[in-house]
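Order of listing sets the numbers, starting from 1, for every ligand and every atom in it. What you see is a predicted model, and the numbers here were worked out from it, not measured in a lab.
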Amino acid sequence: MTDAISYYDDHPISEAHVWAAVRARTGGFDARLRAEDLFDFDQDHYGGLSAVDALATRAALGPGMRVLDLCAGLAGPARFIASRRGCRVVALELHAGRAAGAARLTRAVGLERLVRIVRGDARRLPFRRARFDACISEEALLHIEDKAAVLADVRRVLVPGGRLAFTDWIAHPRLADRERARLRDWMAATTVQTLDGYRTLLGRAGFGAIEAEDLSDEWRRVVRDRIQRLAARRDEVAQRALHAFFLGLIEQGKLGGGRFTAVS
Ligand SMILES: C[S@@+](CC[C@H](N)C(=O)[O-])C[C@H]1O[C@@H](n2cnc3c(N)ncnc32)[C@H](O)[C@@H]1O
């Protein structure tokens with residue numbers, strides 16, 4: 001069975017991919033690289049910058065706010081909200097290689113005073129109570145078995161009234177147990193929630209003003225495009241079969257996306 005770390009050991013959105021894409025665009029490394037120069041390549045979620053902006057708006061992010069980006073990947077979203085909204089972001093990432101890559105990319109665009117990369121586990125948040133004014137997360141809680149515990153811990157590190165805004169995959173009613181099992185084995189996706197399931201978990205964790213939006217139609221288009229682009233880059237038969245399975249679940253309306261907002 002794949003765990004989250006081995007799944008991201010070999011992932012098409014990587015630090016190497018970002019540098020290669022930047023180099024191809026600029027013809028070499030530019031000493032004056034800005035966060036904007038990476039944005040086409042460093043976001044590992046569906047919907048690109050507008051998806052991050054939608055979360056930032058729901059989390060009411062503004063200058064000087066202390067924000068936790070949970071499961072931050074290469075910290076593309078963290079750099080976006082720091083550079084566009086003036087937030088001070090802690091980007092927490094489990095995978096050592098991705099955390100190191102996130103730190104190098106952040107230094108390369110001169111944002112290290114606003115974005116701090118912490119290598120750590122969302123299941124054991126290494127932060128004190130009320131450390132953050134807001135928390136965002138994109139397409140990552142799917143990897144976490146005990147979502148109730150993580151949500152409760154996120155509430156602990158938020159100030160009272162702090163906002164949590166995140167996106168994640170959601171299950172629709174026809175998603176079968178054997179399909180859930182294959183998602184878990186292939187890409188460490190576990191305990192995938194329904195929209196209502198997340199509402200309930202957020203409520204039990206003590207959050208209020210809970211909003212849940214179904215993004216499945218939007219994600220269907222994005223995932224279709226993304227898998228087509230990957231198919232052009234990857235020629236392994238096994239990967240293609242898994243991508244076809246994944247896209248099939250989305251096309252059949254068994255799997256989709258949700259955006260959730262709640263107040264601590
Ligand atoms: C799909 S990527 C999303 C990255 C980032 N949020 C973005 O949108 O660009 C999911 C990330 O979650 C990280 N992750 C998975 N489990 C984690 C955990 N328990 N704690 C912290 N990070 C985790 C993975 O290593 C991966 O980088």
Distance-only side-chain donor-acceptor flag, [X] / [Y], under 3.5 Å:
X: D53; Y: S50; value: no
X: R85; Y: T57; value: yes
X: T167; Y: E139; value: yes

Task: Parallel, tilted or perpendicular: rings of Y7 and H143 (30°, 60°) - done: tilted

TODO: Give the intermediate values and the outcome of ring-ring contact (aromatic ring centres under 6.0 Å, His included) for residues H243 and F246.
DONE: CA-CA 5 Å; H243 285 155; F246 178 54; 7.5 Å; no

Open item on the list: Can you confirm if the NZ or CZ of R259 lies within 45° of the ring axis of F166 and under 6.0 Å from the centre of its six-membered ring?
Closed with: no

TODO: For ligand 1, list the protein residues that place a heavy atom within a distance below 4.0 Å of one of its atoms, sorted by chain and number.
DONE: A4, Y8, Q43, D44, H45, C71, A72, G73, P77, E93, L94, H95, R98, G120, D121, A122, R123, E138, E139, A140, H143, I144

